[in-house]
Amino acid sequence: MSPFTAKVIGIIRTIPPGKVMTYGQIASLAGSPRGARQVARILHSMSKKHKLPWHRVISSKGEISLKDDEQKMALQFEGVKVTNWSINLSQFQYHPDKNA
DNA sequence: TGAATGACAACCC
DNA sequence: CGGGTTGCCATTC
């Protein structure tokens, strides 16, 4: 467990319903702008052990990676329009408040 | 300790 | 615009 991992988890937990974040964005906020893959690995490995809203984490193209029906339905339920596994980032990507 | 992996991202053709 | 390849970096074996 590295500070990066803990930070990534913390960031994911801050994603509000109806919003999504990309791996690269999360990785960047976590301190590793190139660590998008680690974010993916963290989700893959820790999501079950943590109560992370991993379904709000998508690829930079605004698409669901797993193409999991549960994830898609969860997002739609929160208000995110998921069209053919794609999401309108400009409309649903979450921009964290630097003021926090 | 060293090598391989991976829910990605960016670049090139 | 679409498809394929390379780079990145922490985690895992």
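Chain identifiers are assigned alphabetically (A, B, ...) following the order of the sequence lines, protein sequences preceding nucleic acid strands; residue numbering begins at 1 within each chain. Excluded from the calculations below are hydrogen atoms, water molecules and symmetry mates; all remaining heavy atoms, backbone and side chain alike, are included.
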| said: Can a donor-acceptor pair be found, under 3.5 Å and without considering hydrogens, that links the side chain of A/S86 to the backbone of A/T83? | reply: yes
| field | Heavy-atom pair of closest approach, residues A/Y23 and A/L43 | value | CE2-CD2, 4.1 Å
Between [atom2] on [N] and [atom1] on [X], what's the gap in Å once rounded to a whole number?
| X | N | atom1 | atom2 | value |
| --- | --- | --- | --- | --- |
| A/K72 | B/dA7 | NZ | C1' | 17 Å |
| A/L52 | B/dA7 | CG | P | 16 Å |
| A/E63 | C/dG2 | CD | P | 10 Å |
| A/I15 | B/dA7 | CD1 | P | 18 Å |
| A/L43 | B/dA9 | CG | P | 12 Å |
| A/K61 | B/dA7 | NZ | P | 14 Å |
| A/Q25 | B/dA10 | CD | P | 11 Å |

| Any link between A/V82 and A/L66 through a network of hydrophobic side chains (Ile, Leu, Val, Met, Phe, Trp, Tyr) touching at under 4.5 Å? | no
| In terms of hydrophobic clusters joined by side-chain contacts under 4.5 Å, are A/V57 and A/I87 together? | no
| message | I need the full list of side-chain hydrogen bond (donor to acceptor under 3.5 Å, both in side chains) pairs touching residues 55-67 of chain A, with sequence neighbours left out, sorted by first then second residue. | response | A/H55-A/E78, A/R56-A/E78
| query | Is any side-chain nitrogen or oxygen of A/S65 closer than 4.0 Å to OP1 or OP2 of B/dA7? | reply | no
| Would a 4.5 Å heavy-atom cut-off, applied to side chains only, mark A/I64 and A/L75 as touching? | yes
| field | Contact state string [nucleotides 8-13 of chain C, B base, S sugar-phosphate only, - no protein heavy atom under 4.0 Å] | value | BBBBS-
